[in-house]
Amino acid sequence: MPVRVRVAPSPTGDPHVGTAYQALVNLAFARSRGGVFVLRIEDTDRARSSRESEAAILDALRWLGLDWDEGPYRQSERLELYRSEVDRLLADGSAYRCFCTRERLDEMRRENRAQQRFPGYDRRCRDLPVAESERRAAAGEPHTIRLAMPTEGECVMRDLLRGEIRREWELIDDQVILKADGYPTYHLACVVDDHAMGISHVIRGEEWINSLPKHLRLFEALGYEPPVFCHLPLLRNNDANRSKLSKRRNPTSITWFRDAGFLPGALLNFLGLMVSSRAEGEEKFSLDQLVDGFRLEDISLGGPVFDLDKLRWLNARYLREDYDADGLADLVRDWSMGQERLAAIAALAQPRLETLGDWGRLTSFLFVDAPTVDREKLAVKGLEETQIAETFQFMLWTLEREQEFTADVVQGHFRHLSEVLGLSLRDLTRPFYVAMSGEAASLPLFQSMEILGPDLVRARIRHAIEALGGISGKRMKKLQKRFEALAG
RNA sequence: GUCCCCAUCGUCUAGCCAGGUCAGGACUCCAGCCUUUCAAGCUGGCAACACGGGUUCGAAUCCCGUUGGGGACACCA
């Protein structure tokens, strides 16, 4: 059987380094077995998916040299397929319509949780007479489609790395497979597409192990032969709790790595180190070298911590060993000194320049991955440190939602925030100058932010929050609520 | 809370499946050498089999339990 694998990112945010990790493993496996690597965009969440995010993910994968052989396929363009497969499930009773309202479901979940019961759906609609179900659907009553799970026995799964995994069927929820808006959920779309695209090995994150019974049930109900499953350990944060890699504690956006001055080969190599380690010997290797002798079975099961120090060391070796001085000069120019970027910076510096010798002092913060920020400089008279941290956090959330990252747009956000918080624009922006440049007085803030770009800006804000002592999880929750209220 | 997964230096890992070397390498850190400084390079050093039971002549390796960590429990993926 030909090897066909896929990476299936969801375009709901920045291109995540975890996506690159999944893509790398899939691609390495495909190449090592003469197989095909497919790219599929899982844009079935209409509220959160965006074309901008999709484009960013494609760019990021190309930048890394993770080229796909087929695709990108877009799930939003395959809705008829999912619908017709759902009709088959409905016809033979493997799935059923659910007319329960969101309110009822929320209520039920709250209650179950409070009583520490299994929090799943209570299956009220499962035994609705077919005639009634048909009638209500025909009358246009909103509904979802749920998969009817077995109620007894055991689901026996097989994972390439872990072997056999067993789970009681009765512990598995009647998952919604088609939403009220006619879009499939992940589970349905993924199974239908994996079959339709002839995927032989599903290599994905460990977070999906718990959904595997649902997927196996779907494969069976649809009469498909299931592929081989291989669940990869999740990349972890470098903090005390070792939670799965998140942007709160670590840079996770692939574009951040690019903008902070990492080389694609080094990042790829670093990710490769986590899935293929040579006993002794060279840790610097190319994609081709990784592919040569790549074995899925060799991946170790512990969730690896993303160690930026080691990445830096590797990156340094690439910089030293793969370029002569001329080549490096080109690299630096392409990275930060393109004519356009330089001209934008010059426009900001010009009024503040007495000699060309001032250039370096004035603009250096635009040419580094991160400035040094000390806590004292972040202070504003009349504001507590915690308040400053909160304004940073509010702006961070605002900017995370922003697709259009220009000086004007950024300025609009600052003005809005200063109004709703009742702060002067001056007091609000003051700490941001320090966060961006390390200095209280520097080039115009909004334009500087545009030049730095969203990833560097957000990373700098996060650093500033950390410099102020961070925000506890509890307070973060409260802030989030307040932010939602302010943002409307 | 319930279920699932995982467990070797601070970190990434080799060794485990086919029990038997002072548990190997790399990053970080420290020291020395080299050197006009720094970096790089070279040499050396610190540092781990989570714990408790079994099985065995012998356990990092096989089995069970405990602890710890992670993940999942959505009309998100």
What integer number of Å spans the P atoms of B/G25 and B/A47? 14 Å
Contacts of type ring pair (Phe, Tyr, Trp, His ring centres under 6.0 Å), residue A/Trp313, not counting sequence neighbours: none
Nearest-Å distance once atom C1' is located in both B/U28 and B/G71: 29 Å
Quick check on the 6.0 Å ring-centre criterion: do A/Phe262 and A/Tyr318 meet it? no
Residues forming a ring pair (Phe, Tyr, Trp, His ring centres under 6.0 Å) with A/Tyr73, sequence neighbours excluded: none
Write down the distance between CD (A/Glu282) and P (B/C27), rounded to a whole number of angstrom. 10 Å
Please list all pairs meeting side-chain hydrogen bond (donor to acceptor under 3.5 Å, both in side chains) that have one or both residues in residues 221-235 of chain A, counting only residues at least two apart or in different chains. A/Glu85-A/Tyr224, A/Asp159-A/His231, A/Arg204-A/His231
Any A/Arg312 side-chain nitrogen or oxygen under 4.0 Å from OP1 or OP2 of B/U28: no
Which protein N or O atoms sit under 3.5 Å from an N or O of nucleotides 60-65 of chain B?
none

Sugar-phosphate or base contact per nucleotide [nucleotides 68-77 of chain B; S, B, -; heavy atom under 4.0 Å]: -SSBSBSBBB
Decide yes or no for A/Leu81 and A/Asp193: does some side-chain heavy atom of the first lie under 4.5 Å from some side-chain heavy atom of the second? yes
Checking A/Ser286 against A/Asp288: is there a side-chain donor and acceptor pair closer than 3.5 Å? no
Could you list the residues that satisfy ring pair (Phe, Tyr, Trp, His ring centres under 6.0 Å) with A/Trp397, not counting sequence neighbours? A/Phe483
Work out how far the P atom of B/G70 is from that of B/C62, and round it to whole angstrom. 25 Å
